[in-house]
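Since the structure comes first, as structure tokens, the remarks are kept for the end.
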Amino acid sequence: MQSPRRNAEGRPLGTCDPSSSGSPAHGGGSRFEFQSLLSSRVPGADPISARLRSSESPVHRRGSFPLAGAGSPQTLPPQLPEEDRIDLNPSFLGIALRSLLAIDLWLSKKLGVCAGESSSWGSMRPLMKLLEISGHGIPWLLGTLYCLSRSDSWAGREVLMNLLFALLLDLLLVSLIKGLVRRRRPAHNQMDMFFTVSVDKYSFPSGHTTRAALVSRFILNHLVLAIPLRVLVVLWAFILGLSRVMLGRHNVTDVAFGFFLGYMQYSIVDYCWLSPHTAPVLFLLWNQP
Ligand SMILES: CC(C)=CCC/C(C)=C/CC/C(C)=C/COP(=O)(O)O
């Protein structure tokens, strides 16, 4: 049987002798001996003396060096909990975000005047809920599918196919972001919405608003409408967004981001525009009897 490897003093490697001060270079090659070297030679390497030193100097209280220079006692880490550091060094961005969120909550509560029947504008609630249905995903999806089935021109089919693609893309992106951000709806919201899916318990971004921005931009770009009708389309999108806050469904930032996202989604749809040239299979499939 092979005997274990030993150090210069004849002790087997890997055993711990607390009194040992040998370094690996001097034959003390085990991890235990290296640790004992640190604690016996470096003043304050143990947690208690490290804490004492950090209380002596305010500079040390803020430092966060790892054990890199084990030989120099000044570079050992202070033992402050992380949350203290956050409180001592709030970043400008952190303050700005917290302030924005506070303003957002305050303003959303103030504007939630139709959040309940007993709210100050509670009598407007049925009208707001009608607007809500006008921006719901189900009527838009079913309406587009119905028009597609009735359309007898290639141009009409192309536009409707892209509208369908836009609506599906919107549902996908909004669900993804809602699932990632998981921001709760305002406390004053009554969850009495028509046909929701699981992510709709979250409020960021407002799905009705993204749809309103996307669809209105789509209509303005692909339908030839008289000016008053074009104004009406823009007004519809704007009032629908506002009604989300008035109903208490959303905070202002959910709606603001919803407008932005819906606007950008149209740019994606426009960029990936489906046509008989770019997606011939899709169009041929749709034309099968
Ligand atoms: C094909 C398919 C899965 C359709 C689902 C359509 C659907 C249930 C859309 C949800 C619409 C809705 C209630 C969105 C929530 O809007 P917020 O403005 O409250 O975010």
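Counting starts at 1 for both ligands and their atoms, following the listed order. Keep in mind the model is a prediction, meaning the values are calculated, not measured.
Classified by interplanar angle (parallel below 30°, tilted 30° to 60°, perpendicular above 60°), the ring pair Phe259/Phe238 is parallel.
Panel note: side chain Thr210, backbone Gly258; no donor-acceptor pair is recorded below 3.5 Å. Using modelled atom types, no side-chain atom of Ser151 and backbone atom of Cys147 make a donor-acceptor pair closer than 3.5 Å.
By the side-chain hydrogen bond (donor to acceptor under 3.5 Å, both in side chains) test, Arg183 pairs with Asp104, Thr253, Asp254, sequence neighbours left out.
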Please tabulate, line by line, the atom pairs linking an N/O of ligand 1 to a protein N/O at a distance below 3.5 Å, with the distance in Å to 0.1, or answer 'none'.
{"residue": "ligand 1", "atom": "16 (O)", "partner": "His208", "partner atom": "ND1", "Å": "2.8"}
{"residue": "ligand 1", "atom": "18 (O)", "partner": "Ser206", "partner atom": "OG", "Å": "3.1"}
{"residue": "ligand 1", "atom": "18 (O)", "partner": "Gly207", "partner atom": "N", "Å": "3.1"}
{"residue": "ligand 1", "atom": "18 (O)", "partner": "His208", "partner atom": "N", "Å": "2.9"}
{"residue": "ligand 1", "atom": "18 (O)", "partner": "His208", "partner atom": "ND1", "Å": "2.9"}
{"residue": "ligand 1", "atom": "18 (O)", "partner": "Arg244", "partner atom": "NE", "Å": "3.2"}
{"residue": "ligand 1", "atom": "18 (O)", "partner": "Arg244", "partner atom": "NH2", "Å": "3.3"}
{"residue": "ligand 1", "atom": "18 (O)", "partner": "His250", "partner atom": "NE2", "Å": "3.0"}
{"residue": "ligand 1", "atom": "19 (O)", "partner": "Arg185", "partner atom": "NH1", "Å": "3.1"}
{"residue": "ligand 1", "atom": "19 (O)", "partner": "Arg185", "partner atom": "NH2", "Å": "2.8"}
{"residue": "ligand 1", "atom": "19 (O)", "partner": "Arg244", "partner atom": "NH2", "Å": "2.7"}
{"residue": "ligand 1", "atom": "19 (O)", "partner": "His250", "partner atom": "NE2", "Å": "3.0"}
{"residue": "ligand 1", "atom": "20 (O)", "partner": "Lys178", "partner atom": "NZ", "Å": "2.5"}
{"residue": "ligand 1", "atom": "20 (O)", "partner": "Gly207", "partner atom": "N", "Å": "2.8"}
{"residue": "ligand 1", "atom": "20 (O)", "partner": "His250", "partner atom": "NE2", "Å": "3.3"}

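In terms of heavy-atom proximity, Asn251 sits nearest to Leu105 at OD1-CD2, 3.7 Å.
Under a hydrophobic-cluster definition in which Ile, Leu, Val, Met, Phe, Trp and Tyr are linked whenever side-chain heavy atoms come within less than 4.5 Å, directly or via other members, Leu164 and Val159 are assigned to the same cluster.
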